[in-house]
Amino acid sequence: MTSEELRLNVEKALDEIRPFLQSDGGDIALLSIEDDKLVKVQLEGACVGCSVNQMTLKSGVEMTIKKYAPQIEEVINVKPD
C-alpha cells in the first residue's frame, strides 16, 4: 500500500467514526501519518474535555483505522495548544 493509499484508507476510517463523534458534539482531524505506522489525530469539540476520550481513541478510532489499514500500530491524540 502506498503512502497515498494509506492516507485514503485512514480518512475512510475517520469518515466511518466521525458521525458518532459528531452526535456527541465532537469531531476528529487527521494530523499526520508517520513511518506508515503511527497516526496522529486531534480530537475536537466536546471530545477534547471528555473523560472517556482515551477509550474512544483506542477502542473506537484505533480499531476502525486498523480495520482499513492493518499496518498502523498506534493512534495518538495530539492535544491542541
Side-chain angles (χ1 to χ4, degrees):
M1 185 179 304
T2 67
S3 292
E4 182 59 26
E5 289 169 326
L6 178 60
R7 184 172 199 72
L8 288 172
N9 281 357
V10 170
E11 289 284 4
K12 280 184 206 167
L14 294 180
D15 286 344
E16 182 177 308
I17 202 157
R18 191 167 274 125
F20 300 102
L21 299 175
Q22 290 173 339
S23 71
D24 288 330
D27 208 344
I28 191 166
L30 175 62
L31 299 179
S32 65
I33 301 172
E34 298 180 4
D35 302 323
D36 291 348
K37 290 185 236 173
L38 173 68
V39 174
K40 289 186 176 180
V41 297
Q42 189 167 75
L43 292 170
E44 300 173 339
C47 293
V48 173
C50 179
S51 62
V52 294
N53 68 13
Q54 278 308 109
M55 189 177 75
T56 299
L57 189 70
K58 291 297 172 187
S59 27
V61 178
E62 188 171 287
M63 187 179 72
T64 304
I65 287 175
K66 286 179 176 180
K67 182 172 77 175
Y68 284 87
Q71 69 269 45
I72 296 300
E73 293 175 3
E74 188 177 14
V75 177
I76 60 168
N77 178 44
V78 176
K79 291 186 170 90
D81 292 335

I need the single residue from Val61, Leu6, Val75 that forms a side-chain contact (heavy atoms from CB on, under 4.5 Å) with Val39. Which is it?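 Considering Val61, Leu6, Val75, a side-chain contact (heavy atoms from CB on, under 4.5 Å) with Val39 is found only for Val75.
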Reference residue Val41; test side-chain contact (heavy atoms from CB on, under 4.5 Å); the match among Val10, Leu57, Leu31: Leu57
Nearest 0.5 Å, what's the [atom1]-[atom2] distance between [X] and [Y]?
{"X": "Leu43", "Y": "Thr56", "atom1": "CG", "atom2": "OG1", "answer": "7.5 Å"}
{"X": "Met63", "Y": "Ile72", "atom1": "CE", "atom2": "CD1", "answer": "15.5 Å"}
{"X": "Glu73", "Y": "Asp35", "atom1": "CD", "atom2": "CG", "answer": "9.5 Å"}
{"X": "Asn53", "Y": "Asp24", "atom1": "CG", "atom2": "CG", "answer": "12.0 Å"}
{"X": "Gln42", "Y": "Lys79", "atom1": "CD", "atom2": "NZ", "answer": "11.0 Å"}
{"X": "Ser32", "Y": "Arg7", "atom1": "OG", "atom2": "CZ", "answer": "8.0 Å"}

Ignoring hydrogens, what is the shortest heavy-atom contact between [X] and [Y]? Give both atom names and the distance.
{"X": "Asn9", "Y": "Met1", "value": "ND2-CE, 3.3 Å"}
{"X": "Gly26", "Y": "Cys47", "value": "CA-SG, 3.7 Å"}
{"X": "Ala13", "Y": "Ile65", "value": "CB-CA, 3.6 Å"}

Would you say Glu74 and Glu62 make side-chain contact, with heavy atoms under 4.5 Å?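 The answer is yes; the side chains approach within 4.5 Å.
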Basic-acidic side-chain contact under 4.0 Å: Asp15, Lys12: no
Any chance you could pull the hydrophobic cluster mates of [X], using side-chain heavy atoms under 4.5 angstrom and chaining through other members?
{"X": "Tyr68", "value": "none"}
{"X": "Val48", "value": "none"}
{"X": "Val52", "value": "Met55"}

Is it true that a side-chain atom of Asp27 and a backbone atom of Glu44 form a donor plus acceptor pair closer than 3.5 Å?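 No; judged by distance alone, with no hydrogens or angles, the pair does not exist.
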Would you say that more than 12 heavy atoms from the other residues, nucleotides or ligands in this model lie under 6.0 Å from the NZ of Lys37, or not?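 Atom NZ in Lys37 is not packed in, count stays at 12 or less.
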